[in-house]
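Nothing fancy with the numbering, it's 1 onward along the sequence. All values reported here derive from a predicted model rather than from experimental measurement.
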Amino acid sequence: MARDTEEMTDTQAALRRTAEMAAVFMIGDGLLGLLQPERHVALWRSRTPAVDLLVRPFAGKPTRRRLYGALQLAAGLALAARQRARIQGTTVMNR
């Protein structure tokens, strides 16, 4: 049976799902950072240098974390909106 030209391939569907998961993470992490910056940064502090390096710039600076959270939220929503625009008019077949 020939594929419809508008049908997504398995690889395309996997890439879009990955982008959707990234958007969900960005939205959630951004919202937590925006609403509860001190608690969120404290949770992610770590003895593992690579992990701590990511959150150290926000330690003791809730306004900086809130700004970054707003940026994450906006970027996550933009990524999700882009996925929606790509999917409109596309048929996804479950096997």
Side-chain angles (χ1 to χ4, degrees):
M1 183 160 120
R3 284 183 177 253
D4 184 336
T5 57
E6 291 188 358
E7 182 182 333
M8 274 195 287
T9 66
D10 290 340
T11 302
Q12 289 171 322
L15 289 172
R16 289 182 182 168
R17 287 181 191 124
T18 301
E20 184 83 0
M21 286 188 294
V24 169
F25 176 80
M26 291 165 66
I27 292 166
D29 193 61
L31 191 57
L32 286 172
L34 188 63
L35 298 175
Q36 301 176 347
E38 295 95 346
R39 185 203 61 79
H40 192 58
V41 169
L43 176 66
W44 285 97
R45 293 301 305 253
S46 172
R47 285 184 232 167
T48 305
V51 175
D52 198 54
L53 185 66
L54 296 173
V55 295
R56 194 177 312 142
F58 304 109
K61 297 180 172 99
T63 301
R64 181 183 285 183
R65 183 58 184 102
R66 283 187 179 105
L67 290 171
Y68 184 69
L71 180 65
Q72 280 183 296
L73 187 57
L77 290 170
L79 180 58
R82 184 174 177 196
Q83 295 306 309
R84 183 171 183 256
R86 283 183 174 176
I87 291 174
Q88 285 180 339
T90 302
T91 305
V92 180
M93 302 295 286
N94 292 327
R95 293 184 213 170

Is there a path of hydrophobic side-chain contacts, each under 4.5 Å between heavy atoms of I, L, V, M, F, W or Y residues, that connects I27 with L34?
-> yes

Sort and list the pairs that fulfil salt bridge (charged side-chain N to carboxylate O under 4.0 Å, His left out) and have at least one residue in [range], not counting sequence neighbours.
| range | result |
| --- | --- |
| residues 63-72 | D29-R65 |
| residues 31-48 | R45-D52 |
| residues 70-81 | none |

Would you say L15 and T11 make side-chain contact, with heavy atoms under 4.5 Å?
-> yes

Spacing of T18 atom OG1 and Q83 atom CD [to the nearest 0.5 Å] = 9.5 Å

Exercise answer: donor-acceptor pairs, residues 73-81 side-chain atoms, under 3.5 Å, sequence neighbours excluded:
none

Partners of T48 by side chain to side chain donor-acceptor pair (under 3.5 Å), sequence neighbours excluded?
-> S46

Pairs involving residues 49-73, ordered by first then second residue, that meet ring-ring contact (aromatic ring centres under 6.0 Å, His included) (sequence neighbours left out) | F58-Y68

